[in-house]
Amino acid sequence: LLMTAGEGIYGVDPEGKASFINPAALRMLGVSHHAIIGQNQHEIIHHHRQDGSPFPYAECPVSLTLTDGQRRSHEDWFIRSDGTGFPVQMTVAPIMENGQQDGAVVVFRDITELKEKEDALVRLARTDPLTGVASRRFFLELLNREIGRSQRTDQSVALLMCDLDFFKRVHDTY
């Protein structure tokens, strides 16, 4: 079952070192079996966040599960052996043996395509496809955010409006 699953699956011992990994995980991560087994998985595939900032081991979902035995499921960011990253949906669960926690198992899937579609939908909702200008709804959201920031920081804010003659006709035509 482990070898044929389409999701990436790997296990770690109580110290966070990889104890097993399936072919789907190896393929998605671009690592060899020998490069990860016995190694701290966090240092290999989970050491940085999407924005490039370091991801402390103590905050890693695997580390947290190893510490408290709680199951976790959320979106995260993994790093391939070539240094590129990709978004994942991951679940971390404790491995119990004879009533004692003996490590954790991680099941993940690459959600790059899902995130790209989500970003495209957000762009469609926030911008006019012809001009690339913010939609009215998004403009009002940004305006309210800036007014709130101005009130919190006691700084002035300015709004410049331009009227382009007959633009509606151009927009409707194209």
Side-chain angles (χ1 to χ4, degrees), residues 5-10 21-31 35-36 40-65 70-93 104-174:
E7 288 82 16
I9 304 171
Y10 67 91
I21 188 165
N22 75 342
L26 293 171
R27 186 180 66 256
M28 283 187 262
L29 296 168
V31 296
I36 197 163
N40 184 305
Q41 57 80 39
H42 184 77
E43 294 172 3
I44 297 174
I45 64 170
H46 207 210
H47 49 83
H48 281 82
R49 299 181 195 275
Q50 184 174 359
D51 65 5
S53 64
F55 195 160
Y57 181 69
E59 296 175 19
C60 174
V62 176
S63 172
L64 294 172
T65 295
Q70 298 296 310
R71 183 178 188 275
R72 291 173 166 75
S73 184
H74 68 281
E75 291 181 4
D76 215 316
W77 187 257
F78 278 179
I79 299 155
R80 295 182 186 95
S81 62
D82 66 4
T84 61
F86 63 104
V88 296
Q89 174 65 44
M90 69 183 291
T91 300
V92 185
V105 63
V106 179
V107 179
F108 69 94
R109 65 184 179 98
D110 183 341
I111 58 170
T112 301
E113 188 176 320
L114 178 68
K115 287 298 188 183
E116 288 170 353
K117 288 178 182 178
E118 187 178 286
D119 291 346
L121 285 174
V122 168
R123 271 192 310 279
L124 282 172
R126 290 185 165 183
T127 59
D128 176 82
L130 176 64
T131 63
V133 173
S135 68
R136 181 176 300 182
R137 179 179 291 144
F138 186 51
F139 169 75
L140 292 174
E141 180 184 319
L142 291 174
L143 180 62
N144 286 327
R145 189 180 312 159
E146 287 303 310
I147 290 171
R149 184 183 60 78
S150 172
Q151 291 170 341
R152 279 191 315 278
T153 61
D154 199 30
Q155 291 182 335
S156 299
V157 65
L159 175 64
L160 173 65
M161 292 184 62
C162 298
D163 182 22
L164 301 177
D165 291 336
F166 309 110
F167 184 74
K168 181 175 179 4
R169 190 172 14 191
V170 172
H171 189 270
D172 290 347
T173 301
Y174 295 102

Student: Any sub-3.5 Å donor-acceptor pair from Ser63's side-chain atoms to Glu59's backbone N or O?
Tutor: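 Side chain of Ser63 to backbone of Glu59, a donor-acceptor pair under 3.5 Å: no, none is there.
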Student: Return the minimal non-hydrogen interatomic distance between Thr127 and Gly132, and the atom names on each side.
Tutor: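 That would be CG2-O, 3.9 Å.
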Student: If you round to the nearest 0.5 Å, how far is CD of Gln151 from CD of Glu146?
Tutor: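 Glu146 CD to Gln151 CD: 11.5 Å, rounded to 0.5 Å.
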Student: So, the side chain of Thr91 versus the backbone of Ser73: is there a donor-acceptor pair under 3.5 Å, distance only?
Tutor: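 No: the side chain of Thr91 does not pair with the backbone of Ser73.
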Student: What distance do Asp172 atom CG and Phe166 atom CZ have between them, rounded to the nearest 0.5 Å?
Tutor: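 Output value for this atom pair is 14.0 Å.
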Student: Should the heavy atoms of other residues, nucleotides or ligands under 6.0 Å from CG of Asp154 be counted, would the total exceed 12?
Tutor: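 Open.
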Student: Shortest non-hydrogen contact from Ala125 to Ser135?
Tutor: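 Shortest heavy-atom contact: O-OG, 3.2 Å.
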Student: For Val105 and Ile9, work out which heavy atoms get closest and say how close.
Tutor: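 That closest heavy-atom pairing would be CG2-CG2, 3.8 Å.
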Student: Donor-acceptor pair, distance only, cut-off 3.5 Å: does the side chain of His47 make one with the backbone of Ile79?
Tutor: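 No, the answer is negative, given that no donor and acceptor are paired below the 3.5 Å cut-off.
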Student: Could you tell me how the ring of Tyr10 sits relative to the ring of Phe78: parallel (under 30°), tilted (30 to 60°) or perpendicular (over 60°)?
Tutor: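 Tilted: the ring planes of Tyr10 and Phe78 meet at 30° to 60°.
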Student: Could you check whether Glu141 pairs with Arg137 (Lys NZ or Arg NE/NH1/NH2 to Asp/Glu carboxylate O, under 4.0 Å)?
Tutor: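 Salt bridge: no.
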Student: Tell me the closest heavy-atom pair linking Pro61 and Arg72, and the distance in Å.
Tutor: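 What the structure gives for the nearest pair is O-CD, 3.9 Å.
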Student: Is there a side-chain contact between Met28 and Val88 in this structure, where contact means two heavy atoms from C-beta onward sitting under 4.5 Å apart?
Tutor: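 Not touching, per the 4.5 Å side-chain cut-off.
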Student: Begin with the C-alpha distance, continue with both residues' side-chain angles, and end with the deciding distance and a verdict on side chain to side chain contact (heavy atoms under 4.5 Å, CB included) for Lys115 and Phe86.
Tutor: CA-CA 10 Å; Lys115 287 298 188 183; Phe86 63 104; over 6 Å; no
Student: With rounding to the nearest 0.5 Å, note down the distance linking CG in Leu114 to CG in Asp119.
Tutor: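 If I round to the nearest 0.5 Å, the distance is 9.5 Å.
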Student: Hey, what do you get for CG (Leu143) to CZ (Phe138), rounding to the nearest 0.5 Å?
Tutor: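 Spacing of CG (Leu143) from CZ (Phe138) equals 12.0 Å.
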Student: Decide yes or no on side chain to side chain contact (heavy atoms under 4.5 Å, CB included) for His46 and Val62, but give the supporting numbers first.
Tutor: CA-CA 10 Å; His46 207 210; Val62 176; 5.5 Å; no
Student: Which heavy atom of Arg71 sits nearest a heavy atom of Ala93, and at what distance?
Tutor: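 Heavy atoms of Arg71 and Ala93 come nearest at CG-CB, 4.2 Å.
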Student: Atom CD1 in Ile111, atom CD in Glu116: separation rounded to 0.5 Å?
Tutor: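 One finds 11.0 Å between CD1 of Ile111 and CD of Glu116.
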Student: So does Arg49 have more than 12 non-hydrogen atoms from other groups sitting under 6.0 Å from CZ?
Tutor: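 Result for CZ/Arg49: enclosed.
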Student: What are the two closest non-hydrogen atoms of Ala24 and Ala5, and how far apart are they?
Tutor: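 Distance-wise, the nearest heavy atoms are CB-O, 3.5 Å.
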Student: Output the distance between atom CG (Leu29) and atom CD (Gln41), rounded to the nearest 0.5 Å.
Tutor: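 Answer rounded to 0.5 Å: 10.0 Å.
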Student: Stepwise, does the side chain to side chain contact (heavy atoms under 4.5 Å, CB included) test hold for Asp76 with Phe108?
Tutor: CA-CA 9 Å; Asp76 215 316; Phe108 69 94; over 6 Å; no
Student: With no hydrogens and no angle check, is any side-chain donor or acceptor of Thr65 less than 3.5 Å from a backbone partner on Gln70?
Tutor: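 Yes: the side chain of Thr65 pairs with the backbone of Gln70.
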